[in-house]
Undergrad: 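Next up is a structure, given as C-alpha cells.
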2 protein chains.
Amino acid sequence: MRGAQGDLLRLVAAGHAESRAELARLSGLAASSVSLRVEELIGSGLLVEEGAGTSRGGRRPRRLRLSPSAGLLAVADLGAHHARLGLLDLSGTPLVVEERPCEIADGPEATIDWMAAAFEDLLAAHGPPGVPLRGVGTGIPGPVDPATGRVVAPSRMPGWNNFPVAERLGAHFDLPVLVENDANLMAAGEARSWPKCETLMVLKAGSGIGCGVMVNGALHRGRGAAGDISHVRVRSDSSVTCSCGHDDCLEAYASGAALMSVLNEQGIEVRRPADVVALVEDGVPEATALVRNAGRLIGEVLTVLVNFINPDAIVVGGSLSPAEPLIASIRAAVYERCLPLATRDLEISTTRSGPDAALLGAGSLLLDAVLA
Amino acid sequence: MRGAQGDLLRLVAAGHAESRAELARLSGLAASSVSLRVEELIGSGLLVEEGAGTSRGGRRPRRLRLSPSAGLLAVADLGAHHARLGLLDLSGTPLVVEERPCEIADGPEATIDWMAAAFEDLLAAHGPPGVPLRGVGTGIPGPVDPATGRVVAPSRMPGWNNFPVAERLGAHFDLPVLVENDANLMAAGEARSWPKCETLMVLKAGSGIGCGVMVNGALHRGRGAAGDISHVRVRSDSSVTCSCGHDDCLEAYASGAALMSVLNEQGIEVRRPADVVALVEDGVPEATALVRNAGRLIGEVLTVLVNFINPDAIVVGGSLSPAEPLIASIRAAVYERCLPLATRDLEISTTRSGPDAALLGAGSLLLDAVLA
DNA sequence: CCATCTTCCTTCGAAATCGAAGATATGGCG
DNA sequence: CGCCATATCTTCGATTTCGAAGGAAGATGG
C-alpha cells in the first residue's frame, strides 16, 4: 500500500471521505490524480464503488467504500479476568465480537498464546474465505512503552513487567502488530464517534481508573503513561495508603475496586463493578453515596486537567459508567470549578461507542500501520 | 512564498535544516527537487549559501541560511507595566530588543496604537534599509481566542475583554498578525532551545502564574485557556478567596503578587517580583519560606499534569524563576509524587531562552504565517 | 599517497501530479 | 420544461517530482 494510495485508503477507511471529491479536498491532491488512483485501487479490489451519495447542489458523488474483501483486523481488549476479542474489516466495522474468560494473572506467555489461538478460532469461524488477515492488535490494562511494545511497570499484572508483548504476538502472525494501553485504545475508539472533537479525554472507570487523551486528533502517548490519573493525590479527611506506596491516591478512593472493598466491609457483597452499578440502580443508599463521592473526587482531578488541556469533550466509559450518579457528580465538580472559557462548549457524557470502544480504537490505530 | 518552497524556507528558518541534504531528509522531497528549489530561492534572494558545514564522514555540506535581507518581524511581549519589543530576522534572531514602560490598564486602543508606533520607531532606528517588515506579533498577559485574535475574559486587563487585538494591530500593518497569550509564546520560544523535547511545559512564574504547553512539537491552544493552572485548588489549612471567586486557587498562594502582598503585610516592602528574588538571595528567611511554599504548591499541581501529559521537560521562566528555592521545591514535589515512568527522563530546569523567550516564540509562530 | 568508503549535490530521462477545460449529473427557479 | 448554477468526475497537455546514476569533496586506513 504505497504512500499516497495508502493515504486515500486511510481517508476512506477512517470514514473521513466518501467520494473522489472529498478525497481531493482532504488529501490535498488534484482531483484528477485522485481519480487515477481511485481507479487503480478499485482495479486492485481494495475499494468498491457503492451507489450514490446525496447531492450538495450538483451532481451526486459516487460513494466509495473499502471492499469487504480488502482484509481483516484481529483485535483484543484484555481485562483482568476476561478478554473481548473481535474481527474488524478494514473500515473498522466489527464482524464479530466475543467475550471470553481469560486470566491475565496466568502471565504473558500463556495469555498471548491463548489470544493468538482465539484469533485463529474467530477467523476459522467468522472470517470470510479468501479475505486475508492484515494486522493484529490488543489493549493491555497497564502502561505500554509506545516505542518497543513492552509492558512497563503495570500495577495489577504480575509477571508482565517489561515483557515484549508486541514481539511475542508478532511471532504468531507475520503482520503489523499493535500493543497499547486499554484506556488509550478507548480514546482512539471514541474519537471516531466524536468527529468534531479535536481534543478528547476518555475516562475508563472500571475496577481501576484509566484515562486516554486525544490531542489535535491524535492519541497522546507521552512516555507510555500519559493519561494516568489514578495516582493523583485527592483531598480527603481520612488517609489511605495506595498500592503504589503513596497516600490518598484517587484510585484508592474512587476506583471500582475501592468501592467494592468498602461495600464488602459493610457486609454488602459485590464481586464486579457491574454489581455496584446494579446496587445504585436498586437505590441502595450506601452504594449511591459511594459512587457519588467517587464521581466528585474524579471530577476534582479532571478540573485541573480541563483547565490545562481544554478538551472538547470528556467521555466516560468503563463498567462503572452506567451509574448515573457517577457522571452527574463528575459534571457538577467540573462545571463548578473550571474556568468558564474551558467549560463553555465542553461536553461531558457517557461513551458513544459502547463496550467495544477499545476494539474500535485498536482497529483505528492499526489501520495507520496496515495502510502505511 | 508558495507551498513547498515555504516548507523549505521554514525548515531553514526554524533551524531544523542547514544543508540541501538535511532539507531532503526532513521535507521528504527528493534530493534533486530540493536542489532545484534551493537554487530558485537563492536566485530570488531569500536564501544565501554561507561557507561549509562540518563533514559527517563525506563531502562537507554547503550551509544554507536565510538572507538577512529576506525580511523582518516586529514582536512584542506586553506586561502589566512594561513591554518588551524587538525586531527579528526571519530566522528568529533578534536584531534589537528593548524594554519600555507601558501601562496595560490604559486600555487596548491606546496600548496597541502605542505598540504600533514603537514598532515604527524600532524599524526607523534599527531596521536595515530595504529590508521589508513581513509580520507583527504580540504576547498578551491573558487568554486569547486562537480563532479570532480577541482577548477573552482576562483577569487583570481592565477594558480588554473581548477586544479584537489582532484586528486593531492589523489596521496599522497590512501583514500577517499574531496575537497570543504570553505564556504560550514563552513555550513556543523555549521549544527552540529544547530541540529533543516533543512535549514541553513552560511555567511563567511572575506576578501571575501562567503556563504554556507544546504537545508533539506544536503549541497546544485548546480553547484559548489551555495551560491555565492559576485557578487550580490547592491543599491548604487556611482559606483564601481568589479574585475569580473560588477558594484556594494556586494563584492566591503562589503567584508573585500573592507573595508580595504577604511580605508587605509583614512590613517587608516589595514592589516587584524581582524584589522577592533579591530578598531570597539576601537570605531573608520570610521570603525564602514563602517562595519555598509557593514552589511546593506549584509542584503539587504539576504532579497531576506530569502524570497526565508525560512532558519531556518542564521549563521555569518568569521574573520569579531566578529564585533557587522555587525550582528546588518544584522539583522535590514532582519527583516525589509522580509516576516513575513519567519522571524517568523528565528534566526540570530554568529557562534556556532567557527573558526574550516570548519574543522568540512570537517569531517562531509568526514564521508559519509569513512563510505559509 | 592511493584506494575505498561516505556524504553531498547535480544531471537527466521516466513517472507522477497538476490544472484548465470539458463532460456528466443534479437541484432550483422561472 | 428549459436554463442556469453547482458539484462531481474525466481528459489531456504542461509542469513538477522522482530516482538512478554519476560527479565532487572529504574521511579513513593502509
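Below, read A as the first sequence line, B as the second, and so on, with proteins coming before strands; counting in each chain starts at 1. It should be emphasised that the depicted structure is a prediction, and the values quoted were computed from it without experimental measurement.
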Undergrad: Give the rounded distance in Å between these two atoms: CZ of Arg62(A) and P of dT26(C).
TA: 11 Å
Undergrad: Using a 4.0 Å heavy-atom cut-off, does Arg63(B) contact any base of the nucleic acid, only the sugar-phosphate backbone, or nothing at all?
TA: nothing
Undergrad: Looking at every non-hydrogen atom in both residues, tell me the closest pair between Thr148(B) and Ala166(B) and how far apart they are.
TA: O-CB, 4.4 Å
Undergrad: Whole Å only: how far is the CG atom of Leu23(B) from the P atom of dT7(C)?
TA: 18 Å
Undergrad: Pick the closest DNA chain D nucleotide for Gly57(A) and for Ser35(A) by heavy atoms, then say which residue is nearer the 5' end.
TA: Gly57(A)
Undergrad: Taking NZ, NE, NH1 and NH2 as the nitrogens, is one of them in Glu198(A) or Arg223(B) under 4.0 Å from a carboxylate oxygen of the other?
TA: no
Undergrad: Just wondering, do Pro128(A) and Leu95(A) contact through their side chains at under 4.5 Å, heavy atoms?
TA: yes
Undergrad: Closest nucleotide of DNA chain C for Ala31(A) versus for Arg60(A): which of these residues is on the 5' side?
TA: Ala31(A)
Undergrad: Which nucleotide span of DNA chain D, 5' end to 3' end, has atoms closer than 4.0 Å to non-hydrogen atoms of chain B?
TA: dT17(D) to dA27(D)
Undergrad: Can you tell which of dT24(C), dT7(C), dC18(C) lies closest to the side chain of Arg59(A)?
TA: dT24(C)
Undergrad: For Asn310(A) and Ala226(B), indicate whether the former's side chain and the latter's backbone hold a donor-acceptor pair under 3.5 Å.
TA: yes
Undergrad: Under 3.5 Å, side chain of Arg352(A) to main-chain N/O of Ser193(A), donor-acceptor pair present?
TA: yes
Undergrad: Does any non-hydrogen side-chain atom of Leu66(A) lie less than 4.5 Å from one of Asp89(A)?
TA: no
Undergrad: Could you tell me the separation between the CG atom of Leu29(B) and the P atom of dT10(C), rounded to a whole number of Å?
TA: 15 Å
Undergrad: Considering the terminal five base pairs at each end of the helix from dC9(C)-dG22(D) to dG30(C)-dC1(D), what angle separates the two local helix axes, rounded to 10°?
TA: 20°
Undergrad: Of all heavy-atom pairs between Val315(B) and Thr351(B), which one has the smallest distance, and what is that distance?
TA: CG1-CA, 3.6 Å
Undergrad: Say whether, by atom type as modelled, one donor and one acceptor occur between the side chain of Asp312(A) and the main chain of Leu200(A) under 3.5 angstrom.
TA: no
Undergrad: Return yes if some donor-acceptor pair links the side-chain N/O of Ser364(B) with the main-chain N/O of Leu360(B) below 3.5 Å, else return no.
TA: no
Undergrad: Give me the residues of residues 47-55 of chain A where at least one heavy atom lies under 4.0 Å from an atom of DNA chain C, by number, or none.
TA: Ser55(A)
Undergrad: Rounded to the nearest Å, what distance is computed from the CZ atom of residue Arg37(A) to the C1' atom of nucleotide dC18(C)?
TA: 13 Å
Undergrad: I need the minimum non-hydrogen distance between Ala369(B) and Pro176(B), along with the two atoms involved.
TA: CB-CB, 4.1 Å
Undergrad: May I have the distance from Leu64(B) (atom CG) to dC8(C) (atom C1'), rounded to whole angstrom?
TA: 12 Å
Undergrad: Whether Ser33(A) contacts dC18(C) is assessed here as follows: a side-chain N or O lying under 4.0 Å from the phosphate OP1 or OP2. Is that the case?
TA: yes
Undergrad: Pick one: which of Arg20(A), Arg63(A), Arg65(A) meets side-chain hydrogen bond (donor to acceptor under 3.5 Å, both in side chains) with Glu49(A)?
TA: Arg20(A)
Undergrad: Reckon Arg56(A) has a side-chain N or O less than 4.0 Å from the OP1 or OP2 of dT26(C)?
TA: no
